[in-house]
Amino acid sequence: MHTAPLSAEAQRQRADFYGRIGQQHMTPLWEVLGALVPPQPRTPVVAHLWRYAELRSQVMEAGQLISAEEAERRVLILENPALRGQSCITQSLYAGLQLIMPGEVAPAHRHTQSALRLVLDGEGAYTAVDGERTTMRRGDFIITPSWTWHEHGNLGSQPVVWLDGLDIPIVRFLDAGFAERSERPSQQPLRPEGDALARYGANMLPLDYQPRPAEPTRVFVYPYDRTRASLLAIAQGQPDPHHGHKLRFVNPATGASPMPTIGAFAQWLPAGFETQAVRSTDGSVHVCLQGGGEVRVGEHSWRFDENDVFVVPSWQALQLRADSNSLLFSFSDRPVQQALGLWREQREGR
Ligand code: GTQ
């Protein structure tokens, strides 16, 4: 403030005025302008790391407490420590660890919220999306776009755990949430497994396919072996000083992000590589699929290992160091920010 201190009388006058206009549901902008229009992002979100080795037993305990059928989805939500009770990991994104036990089905439903899955632990489960199943293998990135029917099942003999990422807070903010349960817990398979990937994800497209703008991709599984092979191939070249070897997942028919509200990325950091600090306006959720090292976010730092999940708030500097060859998956609301012309990134030293 550059103005002279207020007299007691003037302070009283203002307080009285605020009280009177408050009766009519008004409030003065000048008292809140700095907070409403900050010079740079001032997020309430805090950085945090969830160590999978410490969470796994509790995820498994949930498997004894409630069935997938009763729960509809048996998920332990990862709540940002500064946003407890709000079911979100950043202001715009939800994340949780979902467990499905052998023989269980998490029944078919659909909702306007878009979801991604990143398979972490166990094998033998599948997700079905609009009549096609995909087997869930560790590291697979699977999507269920807005309003697609989906269920999960486990035909194997092991508990299977994956990370769910959804745009629940975005849809809540917009008051645009709809959901419905299917009459049948499992969808009738309409196409063989692999059909969508062959039609839409092999550098070809069906003859008459014309995607609408912002239509989510018909490819609903990005297999880990393909992702890893691409990262290993580009890792023969020079890494980017701020990102290492990092690629974004796309709708192969359009080049846009797989779903309009959530962007997803995969990153390879060779053993010993340390990134330079970078910050961006999209708060992001990261998962270590291979390797381990150290993550620094602002003043905080953590060791990360396989299956650990960490959240980086908007506009906080991120630095990563890989102790062994490391592969990280991440997701954020970047496509939303880019569509609105809001996204910014700042690379240290530039
Ligand atoms: O698997 O459909 O973590 O509807 C939250 C809501 C997962 C799902 C979640 C959901 C799902």
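None of the values given here were measured: they were computed from a predicted structure. Sequence positions, counted from 1, serve as the residue numbers for this chain. For ligands, and for the atoms within them, numbers begin at 1 and follow the listed sequence.
- With Glu345 as the fixed residue, the side chain to side chain donor-acceptor pair (under 3.5 Å) test singles out one of His243, His242, Arg334, Arg279: His243.
- Applying the ring-ring contact (aromatic ring centres under 6.0 Å, His included) test to Trp302 and every residue at least two apart in sequence or in another chain returns His300.
- Residues meeting the side-chain contact (heavy atoms from CB on, under 4.5 Å) test with Ala82, sequence neighbours left out: Val46, Asn80.
- For the ring pair (Phe, Tyr, Trp, His ring centres under 6.0 Å) with Tyr222, the lone residue among Phe331, Tyr200, Phe249 that qualifies is Phe249.
- Here Phe178 sits in one hydrophobic cluster together with Trp147; the rule is ILVMFWY side chains under 4.5 Å apart, joined directly or through other members.
- Listed as neighbours of ligand 1 are Arg73, Val75, Tyr94, Gln98, His109, His111, Arg117, His150, His152, Asp164, Leu166, each bearing a heavy atom under 4.0 Å from the ligand.
- Cation-pi check for Arg133 over Tyr126 is met; the charged atom lies under 6.0 angstrom from the ring centroid and within 45 degrees of its normal.
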